[in-house]
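Worksheet for the structure shown next.
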Amino acid sequence: MNIVEKIKANPKLKQLVLNAMMPKNQSRPRLWVKLFLNPFIHKKGKNARICRNSRIDVMPFNNFVLGDNSTIEDFCTINNGVGDILIGQRSRIGMNNVLIGPVTIGNDVILAQNIVMSGLNHGYEDITIPPHNQPVTKKKIILEDEVWIGANSVVLAGVTIGKHAVVAAGSVVTKNVPAYSVVVGNPAKVIKQYNPQTRVWERLT
């Protein structure tokens, strides 16, 4: 059993380590974690850029990867406390986006402004315990290559958005989106799909 397995197997030791890494009742790492652990663990690709005013709450016990030539714009919140955040190459995370892992983003993805994607959900079933003290569930969000998501959209846990799909502004995506399609609304529904035979984006009736 390695050191990580020993920590996970011992609840008291696990809580002690977590308290050393992040302040109580907060989901952001302590300064020493940001300065002395994360730079040596997480991967930032060539010409990748994280703008100064973003809040990068990443912990060393889960992965954070920002691929070559990708950008995280100002006022974003990136949190990998519950699951990995993996961002491919040439992708742009627009201003004021919130990404809570587990989230995997492919190459050449465009996220506009004010988008929320969370692979995390809080339990609520036990009415004797506040939701923030109940166990969490997590389901990975996957954005395949060339996805474009419009401003003010929400992508729920467990959703996969297929290659070159477009999510219209203000949509709430509650289920998987096929590749080469356009979805809109709350809940988001497919309104157009690319036909490879006719080479035309066809509107669905």
Specify the closest pair of heavy atoms between [X] and [Y], including all atoms of both residues, with the distance to one decimal.
X      : Y      : result
His132 : His122 : CA-ND1, 4.1 Å
Pro102 : Gly119 : CD-O, 3.8 Å
Gly158 : Ile141 : N-CG1, 4.0 Å
Ala168 : Ser153 : O-OG, 3.2 Å
Ala165 : Pro178 : CB-O, 3.7 Å
Gln89  : Ser70  : C-OG, 3.4 Å

Just wondering, do [Y] and [X] contact through their side chains at under 4.5 Å, heavy atoms?
X      : Y      : answer
Val182 : Trp201 : yes
Pro23  : Arg30  : yes
Val147 : Lys163 : no

Nearest-0.5 Å distance that lies between atom [atom1] in [X] and atom [atom2] in [Y]:
X      : Y      : atom1 : atom2 : answer
Asn80  : Asn62  : CG    : CG    : 5.0 Å
Leu143 : Leu111 : CG    : CG    : 6.5 Å
Ile72  : Leu66  : CD1   : CG    : 4.5 Å
Ile87  : Asn107 : CD1   : CG    : 11.5 Å
Ser91  : Ile110 : OG    : CD1   : 9.0 Å
Asp57  : Met59  : CG    : CE    : 9.0 Å

Exercise for the section: If a pair satisfies ring-ring contact (aromatic ring centres under 6.0 Å, His included) and one of its residues is in residues 136-174, list it, with sequence neighbours excluded. Expected result: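 As it turns out, the ring-ring contact (aromatic ring centres under 6.0 Å, His included) pairs with a partner in residues 136-174, which skip direct neighbours, are His164-Tyr180.
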
State whether the side chain of [X] and the backbone N or O of [Y] hold a donor-acceptor pair below 3.5 Å, judged by distance alone.
X      : Y      : answer
Asn97  : Gly94  : yes
Glu73  : Cys51  : no
Arg28  : Val58  : no
Gln134 : Ile129 : yes
Ser54  : Ile56  : no
Thr104 : Lys140 : no
Asn79  : Gly81  : yes
Asn69  : Arg90  : no

Exercise for the section: Return the set of residues passing ring-ring contact (aromatic ring centres under 6.0 Å, His included) with Tyr124 (not counting sequence neighbours), or none when no residue passes. Expected result: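 Result, ring-ring contact (aromatic ring centres under 6.0 Å, His included) vs Tyr124: none returned.
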
Practice task
Quickly, which of Ile105, Ile100, Val154 forms a side chain to side chain contact (heavy atoms under 4.5 Å, CB included) with Met117? Name it, please.
Solution key: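 Testing each of Ile105, Ile100, Val154 against Met117, the sole residue satisfying side chain to side chain contact (heavy atoms under 4.5 Å, CB included) is Ile105.
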
Problem - Residue of the set Val82, Asn121, Leu120 for which side chain to side chain contact (heavy atoms under 4.5 Å, CB included) holds with Thr137 - result: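 Going through the options one by one, the only one that passes is Asn121.
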
Handout entry: Summary of side-chain hydrogen bond (donor to acceptor under 3.5 Å, both in side chains) pairs that have at least one residue in residues 31-46, sequence neighbours excluded
Key =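 For residues 31-46, and leaving out neighbouring residues, the side-chain hydrogen bond (donor to acceptor under 3.5 Å, both in side chains) pairs sorted by first residue read Asn38-His42.
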
Practice task
Any side-chain hydrogen bond (donor to acceptor under 3.5 Å, both in side chains) involving residues 168-179? Give me the pairs, sequence neighbours left out, ordered by first then second residue.
Solution key: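 Pairs touching residues 168-179 that pass the test: none.
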
Handout entry: Partner set under side-chain contact (heavy atoms from CB on, under 4.5 Å) for Asn195, not counting sequence neighbours
Key =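 Asn195 satisfies side-chain contact (heavy atoms from CB on, under 4.5 Å) with Gln197, Thr198, Glu202 only.
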
Practice task
Return yes when atom CG of Leu35 has more than 12 non-hydrogen atoms of other residues, nucleotides or ligands closer than 6.0 Å, and no otherwise.
Solution key: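 Enclosed: over 12 neighbouring heavy atoms sit under 6.0 Å from CG of Leu35.
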
Indicate if [X] and [Y] have the same hydrophobic cluster label, given that clusters are the connected sets of ILVMFWY residues with side-chain heavy-atom separations under 4.5 angstrom.
X      : Y      : answer
Val177 : Leu204 : yes
Leu37  : Met22  : yes
Val183 : Val109 : yes
Ile50  : Phe75  : no

Handout entry: Residues forming a side chain to side chain donor-acceptor pair (under 3.5 Å) with Arg49, sequence neighbours excluded
Key =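 Scan of Arg49 (side chain to side chain donor-acceptor pair (under 3.5 Å), adjacent residues dropped) gives none.
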
